[in-house]
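A quick write-up on the structure given underneath.
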Protein chains: 2
Amino acid sequence: MSVESLSALDRSTLRERSLEALRSAILSGRYRPGDHLGEVELAGSLGVSRGTVREALRHLQQEGLVTAGNRGMLRVNSLSSAEVHELFRVRAALEGLAVREVIASPRREAAAETLRTAVERLSDEGEPAARMEADLAFHLLLCRLSGNSMLVEAWQRLEGRMRVAILNGAAWQAPMMARDRHVPIVEAIERGDVEAAVRVVDEHMAGAAEHFARATESS
Amino acid sequence: MSVESLSALDRSTLRERSLEALRSAILSGRYRPGDHLGEVELAGSLGVSRGTVREALRHLQQEGLVTAGNRGMLRVNSLSSAEVHELFRVRAALEGLAVREVIASPRREAAAETLRTAVERLSDEGEPAARMEADLAFHLLLCRLSGNSMLVEAWQRLEGRMRVAILNGAAWQAPMMARDRHVPIVEAIERGDVEAAVRVVDEHMAGAAEHFARATESS
DNA sequence: GGGGGGAACACTGTCGACAGTCGGCACGAC
DNA sequence: GTCGTGCCGACTGTCGACAGTGTTCCCCCC
């Protein structure tokens, strides 16, 4: 089995490894928003050819972590506070659909239970990065449980930008990541209360948008 | 001035032209769903190098027109009827947000007027392809008028898949594209009736989903 | 006639190199 | 001092070639 996973690791292409390396470099803050990402330089530091890093950069561009500037030159993306608000409103719409579908699903009971265990993994303390991961994992799980693959895909397309937004408000207190903020969502789903669930999601997102937009402005 | 516009045309890269060519080739049905798209063959027929067509294909993959199969080989995508339903539910959520934001916007009056003129361009007759374009243009305009750039982006990410779905139900009667189906949306926005607008959008999308899902199944 | 081995093929992954273009800099004319 | 101009460096766009790997098909052996 470990051979299997090892061979799976070996099977991962250079492009995928470069993509992962670049993504974590950006998300870890090693490259600051606005920094220019030159193909030659990155190819040299990653030990791959320009074409390979080029594909990884294009993927990052689609994810929204990187944006095109003058003459096709790429730089690390950053979001204005207005864009943060827009982003979270779209997210609210998508997750609102997710809770609707979860509640309408015949597997609602099982889904609620899965969410209940997931919400327990949300911790009020610890590394900010780890808390962010747990938070995003919870919301992604919510989308997945809707069984709507298009919804999952659309949400994931927003994920990169969300990470940028969260990154901008780096030293945040993160009251939005607290478990208390997520429990009501699960409870509303358990009760099958569509209106309450959607309202809670909306409020959750509005609060998060407000918080991160402020953090963006002050940076 | 004419020099200016010409140089702008020349500025379009080979990658963009290849992308456009491939996209229209797929959308026009020249390549059928499931067809294998080999890099070498396409590079030869387009008169560009493999790297260039490769980038175009990757872009198409992000758009959802092309999907990866065995060993990274790409083929023209197709949607199951279940995915068509999922797709239109996500679209309904996004456009529901769009009408909310348009109505809540201080520029509601102007937006409604713009939509009123756009809806006039929807024709009940003529080329199916042209009608599809007009329909998509109307809905894209709706998203744009919301002023939410993230919403526009998310919608456009779905656009490729929508075209695939519509393409699958090729010989359709297209009652969903009729002007009558769109006028109520505009009227609800003009009245500022959020509930009605969202409900109309939902019904519009549900009807379209049902129609195209059936067309997908029968093909 | 059927099955196994191997060679040829058809792909994609990856790379290094050349060409075009844009921005900055120094230099000279006015 | 300021403007125009030509050079230089940097960066991306594009290309052709090589390598690795499944896949397929043919031939030989049983």
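Lettering follows sequence order; numbering is per chain, from 1.
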task = Would you mind classifying the nucleic acid contact of Gly51(A) as base, sugar-phosphate or nothing, using non-hydrogen atoms under 4.0 angstrom?
result = nothing
request  = Consider the side chain of Arg58(B), meaning its heavy atoms from C-beta on, and name the nucleotide among dT14(C), dC11(C), dG13(C) that approaches it most closely.
outcome  = dG13(C)
request  = Compare the minimum distances between each of dT23(D), dT12(D), dA17(D) and the side chain of Arg50(B), then state the nucleotide with the smallest one.
outcome  = dA17(D)
task = Show your working on side-chain hydrogen bond (donor to acceptor under 3.5 Å, both in side chains) between His85(B) and Asn148(A) and close with a plain yes or no.
result = CA-CA 9 Å; His85(B) 272 113; Asn148(A) 187 328; over 6 Å; no
inquiry  = So does Glu101(B) get a backbone contact from the side chain of Ser105(B), meaning a donor-acceptor N/O pair under 3.5 Å?
reply    = no
message = Any side-chain to backbone donor/acceptor pair from Glu63(B) onto Gly160(B)? Under 3.5 Å, distance only.
response = no
From [atom1] of [X] over to [atom2] of [N], roughly how many Å is that when rounded to an integer?
{"X": "Leu57(A)", "N": "dG13(D)", "atom1": "CG", "atom2": "P", "value": "11 Å"}
{"X": "Leu37(B)", "N": "dC11(C)", "atom1": "CG", "atom2": "P", "value": "12 Å"}
{"X": "Arg54(A)", "N": "dC15(D)", "atom1": "CZ", "atom2": "C1'", "value": "12 Å"}
{"X": "Glu16(B)", "N": "dT12(D)", "atom1": "CD", "atom2": "P", "value": "16 Å"}
{"X": "Glu39(B)", "N": "dC18(D)", "atom1": "CD", "atom2": "P", "value": "18 Å"}
{"X": "Glu55(A)", "N": "dT14(D)", "atom1": "CD", "atom2": "P", "value": "14 Å"}
{"X": "Arg15(B)", "N": "dC15(D)", "atom1": "CZ", "atom2": "P", "value": "13 Å"}
{"X": "Leu14(A)", "N": "dC15(C)", "atom1": "CG", "atom2": "P", "value": "5 Å"}

So, is [X] near the phosphate of [N], with a side-chain N or O under 4.0 Å from OP1 or OP2?
{"X": "Ser49(B)", "N": "dT14(D)", "result": "no"}
{"X": "Asn70(A)", "N": "dG23(C)", "result": "yes"}
{"X": "Thr52(B)", "N": "dG13(D)", "result": "no"}

Salt bridge present between Arg157(B) and Glu153(A) (N-O < 4.0 angstrom) = no
ask   = Can a salt bridge be assigned to the pair Glu55(B) and Arg58(A) using a cut-off of 4.0 Å between side-chain N and carboxylate O?
value = yes
request  = Using heavy atoms to find the nearest nucleotide of DNA chain C for Arg71(A) and Val48(A) separately, return the residue whose nucleotide is more 5′.
outcome  = Val48(A)
